[in-house]
Each structure stands twice: as C-alpha cells, then as structure tokens.
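For reference, the structure is listed below as structure tokens.
Order of the sequence lines fixes the chain letters, A, B, ..., with proteins taken first and strands second; residue numbering starts at 1 for each chain. All values below come from the heavy atoms of this structure, side chains included, with hydrogens, waters and symmetry mates left out.
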Amino acid sequence: MTEQDPNAMSEAEARAEFHQLDAQIAKADLDYHQKDAPTLSDAEYDRLKRRYLALAEAFPDLASEGARVETVGAPVASGFGKVTHAVRMMSLGNAFEDQDVEDFVAGLRRYLGFPPDAPLALTAEPKIDGLSLSLRYENGTLVQAATRGDGSVGENVTANARTIADIPQEIAGAPEVLEVRGEVYMSHADFEALNARHAETGGKIFANPRNAAAGSLRQLDAEITRARPLRFFAYSWGELTAPLAETQFEAIERFRSFGFQTNPLTWRCETIAELLAHYHSIEEQRADLGYDIDGVVYKVDDLSLQERLGFRSTTPRWAIAHKFPAELAWTRLDGIDIQVGRTGALSPVARLQPVTVGGVVVSNATLHNEDYIRGLDSKGAQIREGKDIRIGDWVQIYRAGDVIPKVADVDLKRRPEGASPYVFPTTCPRCNSAAVREEGDAVRRCSGGLICPAQAVEKLKHFVSRAAFDIEGLGAKQVEQFHADDWVKEPADIFELKEKYGSGMQQLKNREGWGDKSATALFAAIDDKRRIALARLIFGLGIRHVGEVAAKDVALHFRTWTALAEAADLARPAALAHRAADEAELLERQRAQAEDRRAKISEARKAAIATCEVAAEAQAAWDDLVSIDGLGPTVALSLSDAFANPEERAAFDRLVRHLKIIAPDAPAADSPVAGKTVVFTGTLEKMTRAEAKARAEALGAKVSGSVSKKTDILIAGPGAGSKATKAADLGIQTLDEDQWLELIGQA
DNA sequence: CAGCCTCGAGTTCC
DNA sequence: CTCGAGGCTG
C-alpha cells in the first residue's frame, strides 16, 4: 500500500484516513489488551500507529479528534491493583546434576550441624510449569488472590481466581488467616482443545500451556477467565496465624483436607538415593502426566528445621528445584552484535535464525564475553571442547533455566568455508573510545564514560528503573527518546522537564506518542519521586559495584545524603592511598619486566609513603566506610571515585537540589541487641555460625568478623583466641553462648 | 589463603 | 537466570 505524504494531502483527505486509522487501532488495542487475541501483527500495528501519528503531526487539529493519540506510547496500565505480600514469595535455588542435590543435602547438614548419619527427611514433588498464586483466606473465606510479581508485590487477581474450580471459596478448620500458595496451570488436553477452538473462532493461539495459563489468569474480564480451563495445585503457604502441621508432608495433607488439589506424586524421602530415585521416576512419567513440569522440588520435611534454616536473600535455604535437562535446538548464527552496558561493558549478542526452543521462538542469545566466543571460560578452561563460535556456524541453543538462550555447542562439520574466527572489537562500537580489558577481568569495557552515548543512556535507564526512582511513564523507551533529543542528559534534567518543556505541555504533546493525559501523568509521576528514600537515590546513581543491597547498607549507615557526601570527601585521601598501595604492589610484582622500572618504582615508593602520611581523620573515614558489612575496598573505592569525580559530583549536586531525601527507617529497636555490633568467636555448640549470624541479624544486630572498638558484644565459645584477648583489652562485654541465648531470649 | 556465599551486572522473551 | 567477582569465613 502506498502512503501519501501527509503534507501533500488536503485536510479532508487526511481526516478521512485519520478516523479510519483511529478505529482500526482502537479495535486492535481492544483485541490485544482485553481479549488477549491480537488480530494484527506487531509490524502492521506499528505501521498503522506511525501513519496515524504522522497525520496527527501534519494536521494538529486532527489530534484532538482522535481518541487514540493521547494513549499511544503512554504506559499501559496493568489494570490490576497491586498487592504487597505479607510474606515474600521466594524463588528456588536450582540443581541440575545429581551431584548438586548431594551438595544441597550436605549443605543442609553442615548448616544444621547434623552428622552424616543423622536422619534428615525431605519431600519431593513435581515442579509444575505454571504461575504461582497466593490465596489469602480470612476466617475460612477467600478474600484475595495475588500473583507472584517480583516476590514482594504482585497483582490482585481475586476476581479471576474465584472462577477456578480447584480453588475453594470457603475452607473449614483453617487458621484465622491462611495464605495458601500453589501453581495455576493448564492441562495438555485443555490447552489443545482451547487452541483448536481458537483456531476456528480466530482467537489467540498460545505457544504453550504455560502462556495459555498466564494469559487466561491475567484477563481484565473475569468471565473470560471463567471460560478457560485453569487448574490449581497447592504446595506452600505464606502468612499463618496458627501452625498448619509439624512437617511439610502433613501440611500438604491438610491442604487436601481443606479441599485443595495437591500433587499425588508428593513423596517423603529419607535418603538422597530415595530422592534421586523419585526424581528419575517422575522424569519417566513426565510425558504421561498430562501437564507440564520442569523438574522436581525437594523440601526439608521438618518445619522446625525449615525455620532454623531460614532464607537467603531470594531463596529459602531449605528447598531446591532439581531441573530436568534443557531442551536443545540447532540453528544458524547470522551475526554477532555488540551491546554497551551502563558500566561500559561490551556484551556480544548472537543473532540467530529464529528457532523454537522449549516452546518459545528464539532469535537472540547471549554470548557473554570475548572468551566465551573463543570457547574458554573465565579460568581459561575449555567449554564446548574449546570450539570457537563463528558467524555462519550452526549452533546448538538451549534456554538456561528455561529462560535465557545460550549457545551450547557448534557443529564444525557444517562450518561454512572461509569462516574466520570472530574478532572482538577493541573500540566501543558507539563512541569509538578504546575498549579495554583489565587484567584478570572477563569483560572489555568502553573507556568513554559519560561521553559514550550508550553508557549515558543506560545509566539513565538504570536511574528510572524499578529499584531506583521507578518513575511511572518514564521507562527505557521514553528515556531513550528524551536522551536522543537532548532533553535529558543526566538525572537532574528529568526533574526540570516540566519547567523546560512542559509549558502548556505543548512541546511534549507535539512529540510522537505524547498527549495531554500522558504528559500530565508523567509530570505527576516525576513530582511524586521528588521525595525519595536515600537507598533508592544511592542505588539510582549507578555507581559501579553499588547495587541494591550495598546502597541499602550505605543508606542505613550514613542515614543522610550530607553525611555520606562528607564521609566520601573525608575518606578520599585514604582511598587514594589504598589504591596507590595496591598499585605499588602490582608494580613491585611486575618490576622484572618493566622497562621503565626505575621511574615506576619510585612512583610506587612515593605512593606507599603516601599511605603512611594520610591524616588520621581520613583514615578513620575510610575505615568507617569499609566497616559496613559486605562493603570492601573495591566498593569503597568505587564510591569514593564517583564522589571525587568533578563531573559526576556536579551531576549529583544538581540532582539532589530537586529532591527531598528520606532517611531509612531506624532498625528494629525492640530487641535487646538491636543496633549492636556483635562478633562470634570460638566454637558454638548450640548452633552453627551461619545460623547464629542469621538469628542475630534478624534481631537487628550487626554481625562483624573482627573485634574493634565498635564492637558491643563478643560471643566467645570454647577455643576463643586472639579475639577474646583483644576484646578484654578494649573492655568489650564478653558472653558465652548460653548467656547470649539468654540475652536474646532464645535459651 | 582458599573455598563459599552473596551481590552486581548483563541478558531473553512475553 | 547465570556468570564473575568481591567479601567473608574457617
């Protein structure tokens, strides 16, 4: 179809076409969002949208007549309310080989201090490939159903969950509050019947049962969900007001007594051999089960042990998923593109002939880094038997963890003639700066810093990302647009958008994809984030090595932006001295080969001397920084560099002028050890060290590895050595294990 | 000082 | 979700 240049059209012609497009797009949006059954290809949809916007731009009067102009490009409201889970929905660690399972069980024993012969029962059940759902019952009545979301916050899908036959509306004999967790899925038979029906009626064809289940549950119209054959297995729980049982297995049985479906292949195993036998048996039955599973989940059966084991940051220590081997597929590698990340990392991405792997069409795959392409791992050991990857090669693809496509193997027999090894670029493909690889590093990085447009825009994307400023309506796409047009070059610019470009919102509204509503919403969302938690701010700055956790720890330690900035300034000389000392050491090691060794050594000497001359207060500020748990010299140096870099510091200053920074909540003050720094030494007899640390931290204490004048309590078991002596010298309170347990009320 | 664990940074497709 | 690397433990 040929498109007439809008500028050469009469207004009447344009209006006719515009309204036709408006209706077409409206229908397509409805089909896509509400019915979950797209009637247009993405390409066709985009073409219509572009044409529509081109007309609106050429004839500004038209824009106000079009219902769609204002919503195009605006964030798609999810349509579901948000639900904060009372108890986080965790994910599971993975095991792939039998050995991983043995390691897992050995780890449990170690953590619990169990000898190898002590009984330790685990349950084993199929891992259903669906979506997890949390069902909240109050006084036996279903009051809320929520999807997993990011684990902390999910979507409220109560109305939809009520239409699922396997989910009881009322349960008898349950605790006052009970959150039942399990998996929503679709059986193979129902999935095929649904697709067959849709094939006839022109409805959406789903790629696999999992997508069908997800699409069906996330319907805005619950009546559509009702017509979809969804099922539910219960296997876990969240908030509870009374214990369900003493073991995992009994808890599952109670779910059944409440009227839930539970998986019949849930077994209780006494030994690793039994676990593995059950795994292999489930693997054999896999094709006949009638629903998709992707592995077997093992859980410690005894709930009191589960409680002792507790949680890591995202996974319980007491459970693991033993995954089935991944599905494989062969395809041709058409090319290798290089992406530039926010830290300048150059990441190679494989462009592939589209191929179906595990029910999904894959056309890109990560190649990690230079060495991975060459067939080596980080230690220089061979992977893929050392076979390198060349453009034009036939490669075997799998989806790691059923998600991320990766290259598993190369078929040398099918390698095209004349294919040459891939040459990894040594300059940045975006800004041409040198791309350097530090000794011992796996990645090559663009050295351009914020000069590099790729790095600048990735940093901005990070700034607006979910764990940072999380500005609704300002996602990656919008940031890219604004950056390309020089509207937003650094974070502070976001907070000046309204002032500069929002006048009557004419300028913003003139942009493709923005209308009255979306512009107003954006400015409101930005204003909303002028009040920001210190941790989010620190994380959002995108300082290398300072991720979400480190940012939280730093925020908790300093409490205010000013305190952090002052500490960074104060510690700078000590930070430099630290780096100089590192470099001195390195040079010292290299000195045999160094050509200009005299000069370098004298430099190193000077630096080493500088270490000694750093003012005591600078050293103290540095020590304070690295005393933060989990924050070592590398992270501290990176922080220091960021604050000492004049351009970066100026950008920080410009940014914080727009913000009201909120101090973190004070740590729990209701335990006797809250806010205290404790150190464990010697042998602990009632629990393992890891357990002791976890418990102390749960009570708001900070656990440190070494005794200093900041230490409040030393817990010394038998065999305590230098730490106990030092504590005595410093006059620090010293307790034995029993006294400690008494203090925290867990004797 | 080596091994273990956790965190950071990068990635895909829906 | 995975890999690499930083930091901590023993």
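Residues A/Gly448 and A/Ser433 share a closest heavy-atom pair of CA-OG, 3.4 Å. Shortest non-hydrogen contact noted between A/Met89 and A/Arg148 is O-NH2, 3.4 Å.
For A/Pro633, whose side chain is taken as the heavy atoms from C-beta onward, the closest listed nucleotide among C/dG7, B/dG10, B/dG8 is C/dG7. Checked against C/dC3, B/dC13, C/dG4, the side chain of A/Ala442 finds its nearest nucleotide in C/dG4. Closest approach to the A/Ile404 side chain among C/dG6, C/dG4, B/dT12 is made by B/dT12 (side chain taken as heavy atoms from C-beta onward). With C/dG4, B/dT12, C/dG7 as the choices, the nucleotide that has an atom nearest any side-chain atom of A/Val635 turns out to be C/dG7. Side-chain proximity of A/Glu548 to the nucleotides B/dC14, B/dG8, B/dT12 is greatest for B/dG8. Of the candidates B/dC14, C/dA5, B/dG8, B/dC14 carries the atom nearest the A/Asn211 side chain, counting heavy atoms from C-beta on. Side chain of A/Val549, nearest nucleotide from B/dC7, C/dG7, B/dC13: B/dC7.
A/Glu183 and A/Lys127 are not joined by a salt bridge, as no carboxylate oxygen comes within less than 4.0 angstrom of a charged side-chain nitrogen. With respect to the salt-bridge test (charged N to carboxylate O, under 4.0 angstrom), the residues A/Glu458 and A/Arg430 do not qualify. A salt bridge does not link A/Asp641 to A/Arg544: none of the charged side-chain nitrogens sits closer than 4.0 Å to a carboxylate oxygen.
Atom-to-atom, CD1 of A/Ile543 to P of B/dC7 comes out at 18 Å; the value is rounded to the nearest Å. Rounding to whole angstrom units, CD1 of residue A/Ile538 and C1' of B/dC7 are separated by 16 Å. The separation between A/Ile397 atom CD1 and B/dT11 atom P is 16 Å, rounded to whole Å. Straight-line distance from the CZ atom of A/Arg445 to the C1' atom of C/dA5: 11 Å, rounded to whole Å. Separating the CG atom of A/Leu631 from the P atom of C/dG7 is a distance of 7 Å, rounded to the nearest angstrom. Per the geometry, CG belonging to A/Leu639 stands 15 Å off P belonging to C/dG6, to the nearest Å. One atom, CD1 of A/Ile628, and another, P of C/dG6, lie 18 Å apart when rounded to the nearest Å. Rounded to an integer number of Å, the gap from A/Asp337 CG to B/dG10 P is 17 Å.
Checking the phosphate oxygens (OP1, OP2) of C/dC3, a side-chain nitrogen or oxygen of A/Lys406 falls inside 4.0 Å. At B/dT6, one or more side-chain N or O atoms of A/Arg317 fall inside 4.0 Å of OP1 or OP2 (strictly under the cut-off). Considering only side-chain N and O atoms, A/Asn369 lies nowhere under 4.0 angstrom from the phosphate OP1 or OP2 of C/dC3. Between A/Arg544 and B/dA9, a side-chain N or O to OP1/OP2 separation shorter than 4.0 Å is absent. Remark: A/Gln339 is in phosphate contact with B/dT11, judged by side-chain N or O atoms under 4.0 Å from OP1 or OP2. Contact check, A/Thr343 against B/dG10: a side-chain N or O comes under 4.0 Å of OP1 or OP2. For B/dT11, one of the phosphate oxygens OP1 or OP2 lies less than 4.0 angstrom from a side-chain nitrogen or oxygen of A/Ser347.
Within the 4.0 angstrom heavy-atom criterion, no nucleotide atom of any strand lies near A/Phe539. Using a 4.0 Å heavy-atom distance criterion, A/Ala550 is classed as a sugar-phosphate-only contact. Residue contacts shown for A/Val349 are limited to sugar-phosphate atoms, with no base heavy atom under 4.0 Å away. Within the nucleic acid shown, A/Ser363 comes within 4.0 Å of sugar-phosphate atoms alone, with no base atom in reach, counting heavy atoms only.
Taking the six-membered ring where the residue is Trp, A/Phe463 and A/Phe469 present parallel rings, their angle staying beneath 30° rather than reaching 60°.
No cation-pi contact links A/Arg210 to A/Phe191, judged by a cut-off of 6.0 Å to the six-membered ring centre and 45° from its axis.
Along DNA chain B, the nucleotide nearest A/His545 and the nucleotide nearest A/Pro405 are compared for position; the residue whose nucleotide lies closer to the 5' end is A/His545.
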